[in-house]
Number of protein chains: 2
Amino acid sequence: MFIGEYQYKVDEKGRVPLPPRFRRELKEGMVLSKGMGEKCIAVYPIREWKKLADKLAEKTVIPANLRKLNRALFGSAFGAAFDGQGRIKLPDTLRAYAEIGDTTIVVGANARVELWSEEGWKAEQTVAEEQASQIIESLGA
Amino acid sequence: MFIGEYQYKVDEKGRVPLPPRFRRELKEGMVLSKGMGEKCIAVYPIREWKKLADKLAEKTVIPANLRKLNRALFGSAFGAAFDGQGRIKLPDTLRAYAEIGDTTIVVGANARVELWSEEGWKAEQTVAEEQASQIIESLGA
DNA sequence: CCCCTTTTCCCCACTTTTCCCCACAATCCT
DNA sequence: AGGATTGTGGGGAAAAGTGGGGAAAAGGGG
């Protein structure tokens, strides 16, 4: 389970360190892809990625919108691994898609990790909180 | 069950002691997150947090608002544990969110604990009292 | 086909931050 | 009043963030 919010610099070579707390779950490898619907980079542990891929493969009848999702997911996917310092390299295409400059916000989102630009994360946050309080109360917490 | 209201100092390193009475229930670990809707920090015993997380994980759905909830909840959540002196460290993002300076009010709220700024707690209290009297009367108490 | 240029990747080193432990002072309970 | 527990502060060791240099690989031109 990934939780927390961290800010890191992206160096001129496009490298980003991930929080040490996240590294254990990602050590076996990870897949980067476009965030579904949002302007962010999604980071899946290799195991979670496979589960996701299997779920999509099961559906023999594929509605058009799912087919689009398929293309967006797999077409934009890159494998990644840590260097000796716990950093990964962001592919230029994904970095441009998420509009990440020389700083990024790393966000734990349960089964996956997300990388945001500062501006994008701020905007997302304000929208999310209002809905969150309502749903939580409906869960009885 | 957490009850009572206590005032503590936040030292320059962002550490806060929790009331000794609370420590037994939190000894196995805790999760800090934004008090959804209110400007405070919510502290859940690890067991309570997992119950909440499981309820969300059940829903394999993809709706955008649930995705956003995931982000708001898990993104603002941080694991925490006591140091040798019964203190925890407040993450900077949460501390800023709750506008907690060098003093905080620790409030027992049944299944969870809440950390407030002095001003925020005062304001919340006056509002809460009015509503409480109404609700109690409606219960015939 | 070879060599030179450019890029990528890996490793090293410095600086900063974090975490853990110790110590003093005030308070509570007996 | 005495002892134990708790609030508060600070120092030191360990880990993490950041940047840069050099070797290996890839690409292009002679």
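Per chain, numbering begins at 1; letters A, B, ... match sequence-line order. The model shown is predicted, which means the values in this text are computed figures rather than measured ones.
A salt bridge links B/Arg71 to A/Glu124: one of the charged nitrogens lies within less than 4.0 Å of a carboxylate oxygen. Look at B/Glu48 and B/Arg112 and you find no salt bridge, because none of the NZ, NE, NH1 or NH2 atoms lies under 4.0 Å from a carboxylate O.
Side-chain contact of A/Trp121 with A/Glu114: a donor-acceptor pair under 3.5 Å is absent, judged by distance alone.
Across the protein-nucleic acid pair, A/Phe22 atom CZ and D/dG17 atom P stand 11 Å apart, rounded to whole Å. Spacing between atom CD of A/Gln7 and atom P of D/dG17 amounts to 13 Å, rounded to whole angstrom units. A straight line from CG of A/Asp11 to C1' of D/dG19 spans 8 Å, rounded to a whole angstrom. For the pair B/Phe78 CZ and C/dC19 C1', the computed distance is 16 Å after rounding to whole Å. Here the P atom of nucleotide D/dA16 and the CG atom of A/Asp83 are 14 Å apart, to the nearest Å. Rounded to whole Å, the distance from NZ on A/Lys13 to C1' on D/dG20 is 7 Å.
Residue A/Arg23 is classed as a sugar-phosphate contact, given heavy-atom separations below 4.0 Å to backbone atoms only.
When all heavy atoms of B/Ala77 and B/Val31 are compared, the closest pair comes out as CB-CG1, 3.8 Å. Scanning both residues, A/Ile100 and A/Ser117, for their nearest heavy atoms gives CG1-N, 3.9 Å.
A distance below 6.0 Å separates the ring centres of B/Phe78 and A/Tyr6.
Counting heavy atoms from C-beta outward, A/Leu18 and A/Arg87 have side chains that stay 4.5 Å or more apart.
Two residues, B/Arg21 and B/Phe82, neighbour DNA chain C, and the one matched to the more 5' nucleotide by heavy-atom proximity is B/Phe82. Nucleotides of DNA chain D nearest to B/Glu12 and B/Tyr8 differ in position, and the one nearer the 5' end is that of B/Tyr8.
Near DNA chain D, defined here as any heavy-atom distance below 4.0 Å, there are no residues from residues 88-96 of chain A.
For A/Lys9, whose side chain is taken as the heavy atoms from C-beta onward, the closest listed nucleotide among D/dG9, D/dT18, D/dT6 is D/dT18. Relative to the side chain of A/Arg87, the nucleotides D/dG17, C/dC9, C/dC11 differ in distance, and C/dC11 lies closest.
Interface remark: the A/Arg15 side chain does not form any donor-acceptor pair with the D/dG17 base, using a distance-only criterion of under 3.5 Å. Under 3.5 Å, the side chain of B/Gln85 and the base of C/dC22 form at least one donor-acceptor pair of N or O atoms.
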